[in-house]
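All heavy atoms count here, side chains included; hydrogens, waters and symmetry mates do not.
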Amino acid sequence: MNDTIVGISTALGVGAISIIRVSGSEAINIVNMVFKEKNLNNVDTHTIHYGHIFDGDDVIDEVLVSVMKKPKSYTTEDVVEINCHGGIATTNKILELLIKKGCRLAEPGEFTKRAFLNGRIDLIEADGIMNLIEAKSETARKMAINQLNGNVSLMIKDLRDDLVQVISNIEVNIDYPEYDDIEVITNEKILPILKQVKDKIIKIIKLSEDGKLIKEGIKVCLVGRPNVGKSSLLNTLLGENKAIVTDIAGTTRDIVEGTIQLDGIILNLIDTAGIRDTNNIVEKIGVEKSKEAIYNCDLVILVLNNNEHLTDEDRQLLKIIENKTNIIVINKIDLDKKIESIDSANVVEISTKDNIGIDKLKNKIKELFNLEKIEQSDMNYLTSARSIGLLKKACDIIYNVIDKINDNIELDLLELDIKEAWNILGEIIGATYKEELLDEMFKRFCLGK
């Protein structure tokens with residue numbers, strides 16, 4: 001991290017303003033080479049300065065330059081941000097000048113990676129930054145802010161503190177058995193502490209599953225035979241005519257997607273091609289995509305026609321979705337009923353034509369995913385699959401230690417397992433990490449972040 005990096009922190013395109021960020025030991029000196037109207041080395045930290053960017057004697061743009069001297073900056077290094085006029089040509093020209101003067105183009109997420117490596121944030125807070133950028137709902141925004149503020153990290157640090165207290169007491173007993181004034185640690189004394197840690201972890205895991213739902217939303221796949229009303233249902237839920245609706249079977253040949261919010265949770269709706277046997281090569285590809293969508297989604301909504309008897313294809317679809325979380329929607333209840341009764345607790349009758357039963361469908365989704373019970377007042381959730389996976393791994397180890405205590409396993413053997421759980425919790429916040437993990441994690445950030 002000895003070099004000075006540069007990146008565009010705003011979306012590249014036509015806009016009023018672009019921000020170019022520079023970070024590193026030479027940040028101020030390099031920007032000084034192209035900002036000749038004031039010596040930025042002599043200005044106070046956290047100040048903004050008006051002037052122009054020059055390429056030799058040519059004026060490139062009229063700008064505002066913000067100077068943030070270490071350690072009170074995003075990366076804890078010297079950081080300079082150039083606010084120039086938006087536009088691809090101007091922004092790229094200034095970026096090109098800075099690289100020519102000695103900057104290196106930043107990798108995706110490298111500014112945030114430096115903030116982590118320099119100790120300003122931990123990995124949960126880094127996750128929070130990305131979640132805040134990607135937040136698509138007010139609920140997701142609030143959750144990301146809690147991560148960014150360190151509230152979620154504090155939960156993990158408290159768990160590590162509980163475990164390190166147990167570890168240190170065991171080590172004192174093992175290393176200094178001759179001292180009479182130290183508390184004798186036994187399996188019976190550490191058991192209640194470990195049970196308490198286990199209960200805390202289980203609670204965090206449960207809340208974090210909700211957090212993952214808030215962050216990523218629910219993938220909802222609309223499936224059924226052609227012409228049962230899947231596209232009409234999608235349009236009704238979205239409140240717009242996104243999917244083409246006709247009386248011709250097989251109109252939808254490809255995946256059509258849209259999103260809505262339900263109690264602050266994003267529903268990612270996918271309207272699939274009607275599933276049936278067909279010789280049409282294009283429609284056949286659409287059917288295969290539909291089957292793939294069923295496999296990858298969180299919720300399947302199977303749409304059936306109230307005005308028709310169940311077909312073999314309907315029964316095949318009922319079989320396909322039986323191991324998925326599903327809702328069976330009986331559409332076209334404005335027409336005469338011909339469909340047979342279906343043995344399921346998750347049947348909702350609707351009419352997309354007359355807008356009947358749509359609220360019942362939404363309520364059924366809320367019921368299946370307990371949306372009304374998701375705690376939104378204290379949103380201290382882990383959200384990444386990596387973090388939740390590590391937490392579950394630590395929980396399994398604590399369970400195993402408790403079983404060993406009940407089997408009267410020696411303390412020094414228990415200590416090894418407890419240390420492993422402590423280290424795994426450290427991986428969540430980045431107290432311990434592998435370089436390849438960091439590279440993979442920060443790749444998903446945008447270039448200027």
I need the single residue from K198, K200, K157 that forms a salt bridge (charged side-chain N to carboxylate O under 4.0 Å, His left out) with D162. Which is it? K200

Residues E349, N306; criterion side chain to side chain donor-acceptor pair (under 3.5 Å); working and verdict: CA-CA 8 Å; E349 297 184 344; N306 179 65; over 6 Å; no

Does the side chain of S23 come under 3.5 Å of the side chain of T75 through a donor N or O and an acceptor N or O? yes

Is L191 atom CG crowded by more than 12 heavy atoms from other residues, nucleotides or ligands, each under 6.0 Å away? yes

Quick one: are I260 and L269 in side-chain contact, heavy atoms under 4.5 Å? yes

Side-chain heavy atoms of L318 within contact of L302, under 4.5 Å: yes

Just checking, any donor-acceptor pair under 3.5 angstrom between side chains of S153 and D122? yes

Is the closest side-chain donor-acceptor distance between T259 and N268 under 3.5 Å? no

Donor-acceptor pair, distance only, cut-off 3.5 Å: does the side chain of R160 make one with the backbone of W422? yes

Determine whether L95 and L105 make a side-chain contact, defined as any pair of heavy atoms from C-beta on separated by less than 4.5 Å. yes

Around atom CG of D403, are there more than 12 heavy atoms of other residues, nucleotides or ligands at under 6.0 Å? yes

Salt-bridge criterion met for R114 and D3 (N-O under 4.0 Å): yes

Compute whether any side-chain donor of one residue and acceptor of the other, for R225 and T311, lie under 3.5 angstrom apart. yes

Whether R21 engages the ring of Y74 as a cation-pi pair (distance to the six-membered ring centre under 6.0 angstrom, angle to the ring normal within 45°) should be assessed. yes

What one should report as the nearest heavy-atom pair of N307 and D336 is ND2-O, 2.9 Å

Stepwise side chain to side chain donor-acceptor pair (under 3.5 Å) check, D61 with T90: CA-CA 7 Å; D61 195 18; T90 302; 5.2 Å; no

Determine yes or no for a side-chain-to-main-chain donor-acceptor pair under 3.5 angstrom, with K324 supplying the side chain and C297 the backbone. yes

Whether the H309 and E340 side chains hold a donor-acceptor pair (N or O, under 3.5 Å, no angle test) is what I'd like checked. yes

Before accepting this row, confirm whether a basic side-chain N of the pair K70/D78 lies closer than 4.0 Å to the acidic partner's carboxylate O. no

From the options I350, L361, I358, select the one residue that forms a side chain to side chain contact (heavy atoms under 4.5 Å, CB included) with T236. I358

Just wondering, more than 12 heavy atoms not from Q261 lying within 6.0 Å of its CD? yes

Do the charged groups of K362 and E367 touch, with an N to O distance under 4.0 Å? no

E96 side chain to K93 main-chain N or O, any donor-acceptor pair under 3.5 Å? no

